[in-house]
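Just below is one structure, and these are the notes that go with it.
Every heavy atom of this structure was used, including side-chain atoms; hydrogens, water molecules and symmetry mates were not.
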Amino acid sequence: MKDEKTPQKPALYYHEHPKPGKLEIRATKPMANGRDLSLAYSPGVADACMEIKATPADASRYTARGNLVAVVTNGSAVLGLGNIGALASKPVMEGKAVLFKKFANIDCFDIELDEADPEKLADIICAMEPSFGAVNLEDIKAPDCFIVEQICRERMNIPVFHDDQHGTAIVVGAAATNALMVVGKAFGDIKVVSTGGGAAGIACLNMLLKLGVKRENVWLCDIEGLVHEGREKDMTPQKAEYAQGQSPATLDEVIEGADLFLGLSGPGVLKPEMVAKMADKPVVFALANPTPEIMPDEVRKVAPDAIIATGRSDFPNQVNNVLCFPFIFRGALDVGATEINDAMQLGCIEGIAALARATTSAEAAAAYKGEQLSFGADYLIPKPFDPRLMGVVASAVAKAAMESGVATRPLASFEEYKAKLDGSVFKSALIMRPVFEAARGAERRVVFAEGEDERVLRAANAMLEETTDAPILVGRPDVIAKRCERAGLPLKPGVDFDIVNPERDDRYRDYWQTYHGIMARRGVTPDLAKAIMRTNTTAIGAIMVHLGQADSLICGTFGQYQWHLNYVNQILGTEELHPTGALSLMILEDGPLFIADTHVHPEPSAAQLAETACAAARHVRRFGVDPKVAICSYSQFGNHGCDTGVRARGALDILDATPCDFTYEGEMHVDAALDEATRRHIFPDTRFNGSANVLVFPNADAASAVRNILKTKGLGLEVGPILMGMGNRAHIVTPSITARGLLNMSAVAGTPVAHYG
């Protein structure tokens, strides 16, 4: 019992509060009334039962089974804790289930079974097949784990995967693939020396053979020394398959000339003098946790050119199973795979390895700020929080399952599946698809005013990878080059994108004279024009658009919105083009909601409200959404004579007198706009059904407050603000925008003006 006077360890507090454990069960259907109850249980549930009885595969259609994994253990080999028993292992299994949910949105039940006999344990697991779409075996000691897995795989018609074996082997395979690429060696030529003959060690060696390592080039050692023919002590059938020679030998004796050391044993097993005997550019995978077989700094002292991986997060190249198991199950479940076969595991390896060689995502860079995340000796495999893992790895697994014939629900469109996976990670991906598709039909030049910002650099890199648009950056070339290098971006200033250098540019005279020509009668002297064109990057970008050297400007990653708007309107505003309003798309759990005007008009007139509503409707259609516009106010359908109500009713009168191709209603409270029942109770003759998807407010305070509440408390993801009324010639973002947010805005900016009406 814990002494109440003793401070509780942070990990224990984490597990206990605010409620015990790390998991809970939530209903996915409403249970608000008697009708819901009759559908969820008796009598409605009988219909689902009989459909499944007639067609068993429909269990994945009418129940959670198709997205449900059992995490099963008997607690006989838990992490570094050993045989602690089933009950004590429960926190680990809950943690595993949380990782499944976090990284791949897979639901799990953790099941701890108090059964030591491997055959009986396998019997229990097999009997649970009707409940689950797949089984993840966890922390079962060797050699029992081999017996359990073999029996379950033979008898069950769903994927069974022992993560301690195959998850580790897959991540090691991906890391080894890239390590050999870095050092210029091939699997078929290398000598491998391994320590540890447990489940993970044997599985890793098996995987290396599948990748091309020759059996005769593998030397396995354990606590008793070299595994050799005729050895009887501490042997298993799995170890015996790697017997080498007929004489005893030590690790020190067999390590000479090794290209790859694979350690899954214990601390201090590999000595520096042993590393010194290895081949040039040795690859050292010291994966024992928490203390590896040898510390990286000890390796560096004797082999500065070594490639090193560990199982720890405080060193580069952490071999972490979370890179694999959520996504291999995601792909397997989505195609109804009957097993996880070699082809799927190799597909997983290829996906993980390829992702590390690609440009690092902005999200991963933000999660691991300060780390160098560019492919090379210290970055062989992606980081667990790289959101692209879902789309790349799960789709590779699904494709391999289909090609190898184990998929019972093949995908109709592999491209759509990949987009769906990306959409489940990047909340903006699905709704942004129409905008990106429209942008790909044109080659527009987008100038970024704050070109030295790392978010801008990552957005520019993504533009080059994902669109046909050409980024132009305003900034100092040497600063941009250094920040690209620091961020691990393969961008070459002046080659991959154009730069406008405020400090020295051949176009400077043209720029300041053009600006002076526009502003000469508005108090701007030649000297002031020169100074602005040296220091004001927003004005420089706007002048480029004015001169036709760029098609659109994006600015605002720092500074105040109105400050940027002033220069945009000065230079690009005309009688036909003027700022109408700022529109923010908020992506919420139940769909998109557009908010206007968040920034341009603090207190818009009735005419400005009507103009904002029309402009918003045009822009909303670019996202594939049919606009339903609500003019919001403190007043509700004429019940109050307040100023906002008067202006909102005036806007409604203007819209009524104007041919409009969208549905609108007002003036009303936000709850009436979003809930049809509330709206009809107050005003039965409402003009549209369902919920409004565009809220137009009569002052910026209200619009901005709703926008920020949805971002911070509603976990909404913002696309925007989109500056309406400027013919897509400029957009002003806010300082909180992310690199992906800038990419989304570049797609909006990259869409031809014709698409906006």
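A donor-acceptor pair is defined here as one N or O able to donate and one able to accept, closer than 3.5 Å; such a pair exists between the side chain of E129 and the backbone of N157. With N317 contributing its side chain and A377 its backbone, the two residues share a donor-acceptor pair below 3.5 Å. In this structure a side-chain-to-backbone donor-acceptor pair under 3.5 Å is present from S404 to A401. For the pair T63 (side chain) and S60 (backbone), a donor-acceptor distance under 3.5 Å is absent. For Y242 (side chain) and G197 (main-chain N/O), no donor-acceptor pair under 3.5 Å exists by modelled atom type. Between the K239 side chain and the D234 main chain, a donor and an acceptor come within less than 3.5 Å of each other. One N or O on the side chain of S194 and one on the backbone of L262 form a donor-acceptor pair closer than 3.5 Å. In this structure a side-chain-to-backbone donor-acceptor pair under 3.5 Å is present from Q244 to V218. Between the side chain of T291 and the main chain of P267, no donor-acceptor pair closer than 3.5 Å is present. D496 contributes a side-chain N or O that, together with a main-chain N or O of K492, makes up a donor-acceptor pair within less than 3.5 Å.
Taking a 6.0 Å sphere around CD of E465, one finds it holds more than 12 heavy atoms contributed by other residues, nucleotides or ligands. Atom CD of E229 sits in a crowded spot, with more than 12 heavy atoms from other residues, nucleotides or ligands closer than 6.0 Å. Within a 6.0 Å radius of NZ in K210, more than 12 heavy atoms belonging to other residues, nucleotides or ligands are found. Shown here is D117, whose CG atom has more than 12 heavy atoms of other residues, nucleotides or ligands within 6.0 Å. Around CG of L23, the count of heavy atoms belonging to other residues, nucleotides or ligands within 6.0 Å exceeds 12.
Contact between L421 and A394 at its shortest, heavy atoms only, is CD1-CB, 3.8 Å. Residues A116 and D144 approach most closely at O-OD2, 3.8 Å, considering heavy atoms. Considering every non-hydrogen atom in both F261 and M278, the closest pair reads N-CE, 3.7 Å. Smallest separation of non-hydrogen atoms from I381 and A356: CA-CB, 3.7 Å. Between I294 and E298, the closest heavy-atom pair is CG1-OE1, 3.5 Å. Across all non-hydrogen atoms, the minimal contact from V393 to C348 is CG1-SG, 3.4 Å.
Taking the side-chain contact (heavy atoms from CB on, under 4.5 Å) definition, one finds that A400 meets it with A343, M344, sequence neighbours left out. A search for side chain to side chain donor-acceptor pair (under 3.5 Å) contacts involving K281 returns nothing, not counting sequence neighbours. R300 is linked by a salt bridge (Lys or Arg N to Asp or Glu O under 4.0 Å) to D378, counting only residues two or more places apart in sequence or in another chain. The side-chain contact (heavy atoms from CB on, under 4.5 Å) test applied to T250 returns D252, E253, not counting sequence neighbours. Not counting sequence neighbours, R65 has no partner by the salt bridge (Lys or Arg N to Asp or Glu O under 4.0 Å) test. Shown here are the side chain to side chain donor-acceptor pair (under 3.5 Å) partners of E112, two or more places apart in sequence or in another chain: K90. Residues satisfying the ring pair (Phe, Tyr, Trp, His ring centres under 6.0 Å) test with H162, not counting sequence neighbours, are none. E339 is linked by a side-chain contact (heavy atoms from CB on, under 4.5 Å) to R153, N341, V406, counting only residues two or more places apart in sequence or in another chain.
In this structure, Q165 and C145 have side chains that are in contact, with non-hydrogen atoms separated by less than 4.5 Å. Residues F103 and V98 have side chains not in contact (no heavy-atom distance under 4.5 Å, counting atoms from C-beta outward). Annotation: side chain of L287 is not in contact with side chain of P292 (no heavy-atom distance under 4.5 Å). Contact of the P490 side chain with the N461 side chain is registered, since non-hydrogen atoms from C-beta on lie closer than 4.5 Å. L211 is listed as a side-chain neighbour of L346, based on a closest heavy-atom distance under 4.5 Å. Between T338 and M156 there is no side-chain heavy-atom pair separated by less than 4.5 Å. Proximity of N136 to V72: side-chain heavy atoms (C-beta onward) are nowhere separated by under 4.5 Å. Using a 4.5 Å cut-off on side-chain heavy atoms (C-beta onward), L260 and V284 make no contact.
Each of I308, V299, D305 was compared with P282 under the side-chain contact (heavy atoms from CB on, under 4.5 Å) criterion, and only D305 meets it.
To the nearest 0.5 Å, atom NZ of residue K271 and atom CD1 of residue I255 are 13.0 Å apart. We find the OG-NZ distance between S395 and K420 to be 13.5 Å, quoted to the nearest 0.5 Å. Taken from CD1 in I84 to OG in S89, the straight-line distance is 6.0 Å, to the nearest 0.5 Å. The distance from atom CG of N206 to atom CG of D342, rounded to the nearest 0.5 Å, is 9.5 Å. Within the model, atoms CD1 of I307 and CG of L180 stand 9.5 Å from one another, a figure rounded to the nearest 0.5 Å. Atoms CD1 and CG, from I124 and L121 in turn, are 6.0 Å apart once rounded to the nearest 0.5 Å.
Counting only residues at least two apart or on different chains, the salt bridge (charged side-chain N to carboxylate O under 4.0 Å, His left out) pairs with a member in residues 180-209 are K185-D259. Contacts classified as salt bridge (charged side-chain N to carboxylate O under 4.0 Å, His left out) and involving residues 286-297 (residues at least two apart or in different chains) are not found. Applying the side chain to side chain donor-acceptor pair (under 3.5 Å) test to every pair with at least one member in residues 169-180, sequence neighbours left out, gives these pairs: N178-R357.
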Taking distance alone, no hydrogens or angles, what donor-acceptor pairs closer than 3.5 Å link side-chain atoms of residues 319-337 to residues at least two apart or in another chain?
residue, atom, partner, partner atom, Å
N320, OD1, V322, N, 3.0
N321, OD1, T168, OG1, 3.3
N321, ND2, D163, O, 3.2
N321, ND2, D163, OD2, 3.1
N321, ND2, T168, OG1, 3.2
R330, NE, D334, OD1, 3.3
R330, NE, D334, OD2, 3.0
R330, NH1, N67, OD1, 2.9
R330, NH1, A104, O, 3.0
R330, NH1, N105, O, 3.4
R330, NH2, N67, OD1, 2.8
R330, NH2, D334, OD1, 2.8
D334, OD2, Y417, OH, 2.7

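Look at K96 and D110 and you find no salt bridge, because none of the NZ, NE, NH1 or NH2 atoms lies under 4.0 Å from a carboxylate O. Ionic pairing of D123 and K120 is not present here: no N-O contact between side-chain nitrogen and carboxylate oxygen is shorter than 4.0 angstrom.
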**Request:** Quick one: do Q246 and H228 satisfy side chain to side chain contact (heavy atoms under 4.5 Å, CB included)? Show the steps, please.
**Result:** CA-CA 5 Å; Q246 298 180 350; H228 60 86; 5.5 Å; no
